[in-house]
Engineer: 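Quick one: the structure is below, questions incoming.
Here is the naming used below: chain letters follow the sequence lines, and residue numbers restart at 1 for every chain. If you're wondering where the values come from, they're calculated on a predicted model, not measured in any experiment.
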Number of protein chains: 2
Amino acid sequence: MALRHAVLAALLDGEYSGYQLAKAFDVGVANFWHALPQQLYAELAKLEKGGLVAGRQVVQETRPNKRLFHVTDAGIAELEQFAAASAKPGFIRDDLVVKVQASDRIGSGPVIDQLDERAAAASAKIELFGNLLRQLRGEMDEDEFLLRGERIGPYLTCLRGLAFEEENRDWCLRIAALLRRRQAVAVESDGA
Amino acid sequence: MALRHAVLAALLDGEYSGYQLAKAFDVGVANFWHALPQQLYAELAKLEKGGLVAGRQVVQETRPNKRLFHVTDAGIAELEQFAAASAKPGFIRDDLVVKVQASDRIGSGPVIDQLDERAAAASAKIELFGNLLRQLRGEMDEDEFLLRGERIGPYLTCLRGLAFEEENRDWCLRIAALLRRRQAVAVESDGA
DNA sequence: TCATGATACTCATTAAAGTGAGTAGTCAGA
DNA sequence: TCTGACTACTCACTTTAATGAGTATCATGA
């Protein structure tokens, strides 16, 4: 029961339609989880059935009607319970890391390419998170906002996402450079 | 098809029985994935059926017999193909982050406790990874090992794991301290 | 001697995540 | 006017991951 709580936590920010939620989860701006629209619609339906969220129909003239959801008291209670239960440690689970693990027994060329790509993607996300953080804290400086701001949850998870992506970028760049140097060294030794 | 490749990559280090593999995956020393024994046995069976790994029976006197597995040429080819295919970006997917996202709408007490616990767990893992790295590079210094070592895959993924856990620890400590300060501030305002 | 824990697995099942395809109206630009 | 993109969803399905409960032998220590 994981996506379930991620959806509840995301909905704490206000009212969202499935579609809006889907966009946030898709980009991963909801930097603490990722899911496709279909999964979110399914999860919202389950949550509504369980009374943890409630939706209201919004009739739109020019666009299809939509349903906006918010968390109910029962939903809050569920989150409290979830927060109190002990969490198992999270881990990385990234294809790219698996590829690096294998990189010295298979051709490292494709792995290097992907490390470059990933570094670029991480950089893009770093910028995105930077903007989002600035937007969330508004006029305040960070310390002030963190201490007195009223809704800091998304800010804190965004900080985590930012640090993760920075780490990601640095590691990718370092490993890519290293694998290239090793290719060069291997060629030298071959030639010698 | 994820665990599949993680198992293949882990087996590149030598021969392992399902049980040995399970221990590595369990502690997460195979820092790039996590799985329970049953999953690994199931995966090994599938891989063997597909000819990607091969096992040989080892008869033991004092313990139950075991089967040691190694990656076949077909397995290497599979990994090559996997490495060449583009990887989707990995993300965090951690319950604790979800809890932090919700932490200012629910009681922050339990979340703070878990941040402390997690920070301690991260510290333990940092030490573990540090030892493992020292062991992997042996007498060499890091630069030398990375450039000329023959099997650096596990070292590289371990570096990633180390950085991840350091980040993890720092974030947990920072957020825990912050949430405590906010509790104090809230009490002050209440009293005023 | 009796419980605990390590080695070494298996079987059955559920829960969770992810994929593919499709509907239907609106709007902006070529 | 036709194409493609955006809003807003739904249905059906497959694949992966995770859980729970066993089996059996041997070694260690209280």
Engineer: If you assign each of A:Lys66 and B:Leu3 to its closest nucleotide in DNA chain D, which residue comes earlier from the 5' end?
Structural biologist: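 Its nucleotide being nearer the 5' end, the pick is A:Lys66.
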
Engineer: Starting at OH of B:Tyr41 and ending at P of D:dA18, how long is that distance when rounded to a whole Å?
Structural biologist: 18 Å

Engineer: Would you say that more than 12 heavy atoms from the other residues, nucleotides or ligands in this model lie under 6.0 Å from the CD of A:Glu127, or not?
Structural biologist: no

Engineer: Roughly how many Å is it from CG in B:Asn65 to C1' in D:dT25, rounded to a whole number?
Structural biologist: 11 Å

Engineer: Closer to the 5' end of DNA chain C via nearest nucleotide, is it B:Lys88 or B:Pro64?
Structural biologist: B:Pro64

Engineer: Looking at every heavy atom in both A:Phe25 and A:Ala10, which two are closest together, and how far apart are they?
Structural biologist: CE1-CB, 3.8 Å

Engineer: Of B:Gln135, B:Glu142, B:Arg160, which meets side chain to side chain donor-acceptor pair (under 3.5 Å) against B:Tyr155?
Structural biologist: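 Exactly one pass, corresponding to B:Glu142.
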
Engineer: Flag yes if more than 12 heavy atoms outside B:Gln81 fall under 6.0 Å of its CD atom; otherwise flag no.
Structural biologist: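 12 or below, so no.
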
Engineer: Quick one: which of D:dA27, D:dC11, D:dT19 gets closest to the side chain of B:Gln39?
Structural biologist: D:dT19

Engineer: Please compare A:Glu43 and B:Arg63 by the position of their nearest nucleotide in DNA chain C and report the one closer to 5'.
Structural biologist: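 On the 5' side of the pair lies B:Arg63.
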
Engineer: What I want to find out is whether A:Arg180 reaches A:Asp116 closely enough, with some N-O distance under 4.0 Å, to be called a salt bridge.
Structural biologist: yes

Engineer: Figure out the CD/C1' separation between A:Glu48 and D:dC9, and round it to whole Å.
Structural biologist: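 Rounded to whole Å, this separation is 14 Å.
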
Engineer: Measure the distance from NZ on A:Lys23 to C1' on D:dA5 and round it to the nearest whole Å.
Structural biologist: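 Roughly 12 Å, once rounded to whole Å.
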
Engineer: Examine D:dT25: is either OP1 or OP2 under 4.0 Å from a nitrogen or oxygen in the side chain of B:Thr62? Give yes or no.
Structural biologist: no

Engineer: Quick one: A:Leu40 CG to D:dA8 P, roughly how many Å, whole number?
Structural biologist: 15 Å

Engineer: Check for me, please, whether A:Leu156 and B:Phe91 land in the same ILVMFWY cluster - side-chain distances under 4.5 Å, paths through other members count.
Structural biologist: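 Different clusters: A:Leu156 never reaches B:Phe91 through Ile, Leu, Val, Met, Phe, Trp or Tyr contacts under 4.5 Å.
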
Engineer: May I ask you to check whether over 12 heavy atoms, not counting those of B:Glu150, lie within 6.0 Å of atom CD?
Structural biologist: no

Engineer: In this structure, how many angstroms lie between the P atom of D:dA18 and the CZ atom of B:Arg93, rounded?
Structural biologist: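 In whole Å, D:dA18 P lies 10 Å from B:Arg93 CZ.
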
Engineer: Please indicate whether B:Asn131 has more than 12 foreign heavy atoms, meaning atoms of other residues, nucleotides or ligands, lying under 6.0 Å from its CG.
Structural biologist: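 Yes, enclosed.
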
Engineer: Could you tell me whether B:Arg151 and A:Asp104 make a salt bridge, using a distance below 4.0 angstrom between a side-chain N and a carboxylate O?
Structural biologist: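 Yes, charged N to carboxylate O under 4.0 Å.
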
Engineer: So what does A:Ala22 hit on the nucleic acid, given a heavy-atom distance under 4.0 Å: a base, only sugar-phosphate, or nothing?
Structural biologist: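 It contacts nothing in the nucleic acid.
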
Engineer: Applying a 4.0 Å non-hydrogen cut-off, can you work out what A:Gln38 is touching in the nucleic acid: base, sugar-phosphate, or nothing?
Structural biologist: base

Engineer: Atom CG of residue position B:Asp141 - does it have more than 12 heavy atoms of other residues, nucleotides or ligands inside 6.0 Å?
Structural biologist: yes

Engineer: Taking CG from B:Leu36 and C1' from D:dT16, how many angstroms apart are they, rounded to a whole number?
Structural biologist: 13 Å

Engineer: Return the value, rounded to whole Å, for the distance between atom CZ of B:Arg4 and atom C1' of D:dA17.
Structural biologist: 15 Å

Engineer: At what angle, to 10 degrees, do the two end axes of the helix from C:dT1-D:dA30 to C:dA30-D:dT1 meet, given five pairs define each axis?
Structural biologist: 30°

Engineer: Go through DNA chain C in 5' to 3' direction and return only the first and the last nucleotide with some atom under 4.0 Å of chain B's heavy atoms.
Structural biologist: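 Using the under 4.0 Å cut-off, the span is C:dA6 to C:dT19.
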
